[in-house]
Structure formats: C-alpha cells, structure tokens
2 protein chains.
Amino acid sequence: MPHLRIGALAARTGTNAPTIRYYEEIGLLRPADRDAGGQRAYGEQDVKRLTFIRRCREFGFSIEQVRSLVALVQDRERSCMDARNVAQEHLLAVRAKLNELKGLERSIAGFIATCDASCAGGPGPDCAILEDLARPS
Amino acid sequence: MPHLRIGALAARTGTNAPTIRYYEEIGLLRPADRDAGGQRAYGEQDVKRLTFIRRCREFGFSIEQVRSLVALVQDRERSCMDARNVAQEHLLAVRAKLNELKGLERSIAGFIATCDASCAGGPGPDCAILEDLARPS
DNA sequence: GATAGACCCTCAAGTAACTTGAGGTTCAAG
DNA sequence: CTTGAACCTCAAGTTACTTGAGGGTCTATC
C-alpha cells in the first residue's frame with residue numbers, strides 16, 4: 001500500500017497542505033510518519049481521520065468540539081450521549097445565529113426599501129440608510 | 001460643555017475602551033484630543049460618530065464597509081446609491097449565510113434525531129452521529 | 001498632604017481558524 | 001544533470017477585537 005504525500009491527502013479530503021500541517025500542530029492529527037526524504041507519509045487511517053475532521057468542520061463544529069468528537073470515536077468507555085450533547089450544543093448555537101441573521105436581514109432589507117422609496121439617488125449624507133444607521137439603538 | 005473620558009464615551013455608545021482605542025488606531029475614529037493629564041477627551045461629535053460606527057457593526061457590516069459608509073456620510077459629492085450598494089452587498093452575504101445555516105440546522109437536527117431513535121446511549125464509537133460524520137461528503 | 005481605588009496610558013501579545021510568504025530541500029520527468 | 005512542482009520549517013498575516021504587563025492620572029476621603 002503506497003503512502004500518500006500531503007498534497008494527495010489534501011486532495012482526497014477536500015482541504016490543503018497548510019491546513020493539514022496546522023491540524024498536526026494543534027494535535028488534531030497525529031504527527032505523520034516521514035519518508036526517507038523527510039516528507040510526510042500518510043495511510044488510509046489518516047485519510048479516515050481527516051475525512052471525519054473535515055466533515056465536522058463543514059457542519060460548523062469548532063476545533064475544540066471536533067477534538068472531543070475525535071476522542072469519542074476512539075473511546076468505547078464513553079457514551080453516545082456525549083456525542084449527542086456536543087451536537088445539541090452546536091444546534092442551539094446555529095439556531096441562535098439563524099435568529100440573529102433573520103433580524104439583520106429584515107432590518108437591512110428595510111433600509112434598502114426605504115432608500116428606494118425616498119432617496120432617488122440624492123447626496124450620500126442624506127441617504128435614509130445612513131440616517132437610520134446614525135440613530136442610537 | 002465638559003468632555004467625556006474614554007470610559008464614559010464607551011458607556012454612552014455600548015462598547016468598551018480597548019475597542020475605541022482600536023478604532024482610533026485603524027483610523028475609523030479621528031485621534032482624540034487630550035486633557036492636561038494626557039487622557040483622551042471626547043465631545044458630542046465623537047459620540048455621534050461612534051454611535052454610527054457601533055450601529056453599523058451591530059448590523060454586521062465589516063470594518064471596511066463601515067469605513068466606506070463613514071466616508072459617505074461626510075461627502076455630499078457622493079451619491080446615496082453608494083450607501084445602497086454597500087447595504088445590498090451585505091444583504092446578499094447575510095442571505096447566503098442564512099441559507100448555509102438552514103442547511104446546517106437541518107443536518108444536525110437530523111443527526112440528533114437519528115441518534116435518539118437508534119443509539120439508546122450505547123458506546124461512543126457506535127453513535128449514529130459519529131458514523132454520519134465519518135462519511136465522505 | 002496622603003492614600004486608595006478607579007480609571008487612564010502605551011505596547012504587545014492572544015483569540016479562532018486558518019492563510020500566506022520567505023528561504024531552503026526533495027522528487028520526478030525530460 | 002536540469003527544471004519545475006511539491007515538499008519542509010518558521011514566522012507573520014487575516015479579522016475584529018480582547019487581554020495583560022507595567023506605569024500614570026484623577027478623585028474622593030481621611
């Protein structure tokens with residue numbers, strides 16, 4: 001089974017070499033084996049681990065959450081409830097951010113509608129958007 | 001009219017002193033006048049400017065967008081269309097992020113539902129969430 | 001005047017999650 | 001051998017702050 005160099009591992013897992021080195025540095029990935037030339041040599045286990053990490057990141061889990069999920073995958077002493085709790089915590093954060101962004105969308109769309117209805121391309125300082133933004137919250 | 005010190009300005013505008021110093025450093029706020037003791041002395045114009053900046057930040061405009069909005073407020077040669085365009089660009093970004101988060105919410109909620117239905121607190125490594133996360137995207 | 005606590009100052013480094021750049025080595029193809 | 005692509009380490013940059021070290025100023029109280 002030939003080993004993969006870092007660029008190939010990156011291509012296999014949808015990331016890039018600096019990010020892989022970063023993950024190794026912060027301990028998310030184990031230190032890689034090296035070939036005779038000192039270059040990193042990866043195997044299928046590394047592909048699986050990095051795939052998992054990238055998936056977690058895609059779903060927005062923080063590096064620290066990923067770290068604990070990775071630990072859970074390796075520990076039969078731990079309960080599945082731990083993974084569920086990490087996911088639940090993240091879901092709450094996603095929902096909070098969703099609500100925040102909905103409010104922002106409404107406000108900004110409202111600013112633009114007001115500008116369209118009343119400014120007609122007048123001077124910048126008189127723009128309804130800028131006037132709205134100048135009001136204390 | 002008595003001047004405000006930095007803490008008072010921060011309290012008036014819902015921010016804190018290090019953030020104000022930061023804004024001065026990056027040029028969003030003009031360099032403050034100083035009293036005889038070398039401490040920053042702010043007036044009502046500064047309150048207005050910082051209020052505007054904080055409002056823009058509350059609505060999620062980036063520092064660079066805020067910088068251009070601030071420039072627009074001061075320039076009657078510029079058209080209100082410029083402000084509208086900054087807002088529109090930001091609205092598109094907010095909508096993109098909203099869609100992304102909706103997808104995340106659905107996926108993560110689905111993971112949790114699957115775990116609830118099939119894991120029953122089994123060992124971590126067997127958790128449906130972790131198995132889902134281990135699959136290539 | 002002395003003291004103490006709150007607030008101020010500058011400077012620099014830290015945060016999260018990467019990304020980029022400098023300077024040098026290895027690899028594989030021609 | 002040469003060349004260009006990919007690899008290496010180390011350090012700094014990105015964004016928008018935040019924190020911490022070390023020292024100065026202000027104000028109220030005694």
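What's counted below: heavy atoms across the whole structure, side chains too, no hydrogens, waters or symmetry copies. Residue numbers begin at 1 in each chain, while the letters A, B, ... track the order of the sequences.
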**OP:** Taking only heavy atoms on the protein side, list every residue of residues 18-36 of chain B lying under 4.0 Å from any atom of DNA chain C, sorted numerically.
**Re:** B:Arg21, B:Arg34
**OP:** Please check if any side-chain donor atom of B:Asp82 sits under 3.5 Å from a side-chain acceptor atom of B:Ser79, or the reverse.
**Re:** no
Original post:
Would you call A:Glu24 and A:Arg21 a salt bridge, using N to O less than 4.0 angstrom?
Top reply: no
Original post:
For C:dC9, does either OP1 or OP2 sit under 4.0 Å from a side-chain N or O belonging to B:Arg40?
Top reply: yes
**OP:** Ignoring backbone atoms, establish whether B:Arg5 has a side-chain N or O less than 4.0 Å from OP1 or OP2 of C:dC9.
**Re:** no
**OP:** Would you mind reading off the distance between A:Ile63 atom CD1 and C:dA17 atom P, rounded to a whole angstrom?
**Re:** 5 Å
Original post:
Could you give the CD-to-P distance, from A:Gln39 to C:dT26, as a whole number of Å?
Top reply: 9 Å
Subject >> Salt-bridge contact B:Arg67-B:Glu64 (side-chain N to carboxylate O under 4.0 Å) >> reply: yes
Subject >> Partner set under side-chain contact (heavy atoms from CB on, under 4.5 Å) for A:Cys119, not counting sequence neighbours >> reply: A:Cys115, A:Cys127, A:Ala128, B:Cys80
Original post:
With a 4.5 Å heavy-atom cut-off, do B:Arg57 and B:Tyr23 have their side chains touching?
Top reply: yes
Original post:
Is B:Arg55 paired with A:Asp132 through a side-chain N to carboxylate O contact shorter than 4.0 Å?
Top reply: no
**OP:** Identify, between B:Arg54 and B:Gly38, the residue whose nearest nucleotide on DNA chain D lies closer to the 5' end.
**Re:** B:Arg54
Original post:
Would a line drawn from the ring center of A:His90 to the ring center of A:Phe61 be shorter than 6.0 Å?
Top reply: yes
Original post:
Going 5' to 3' along DNA chain D, which nucleotides are the first and last within contact of chain A (any atom under 4.0 Å from a heavy atom)?
Top reply: D:dC7 to D:dT9
**OP:** Answer yes or no: is there a donor N or O on one side and an acceptor on the other, between the side chain of B:Asn85 and the main chain of B:Met81, under 3.5 Å?
**Re:** yes
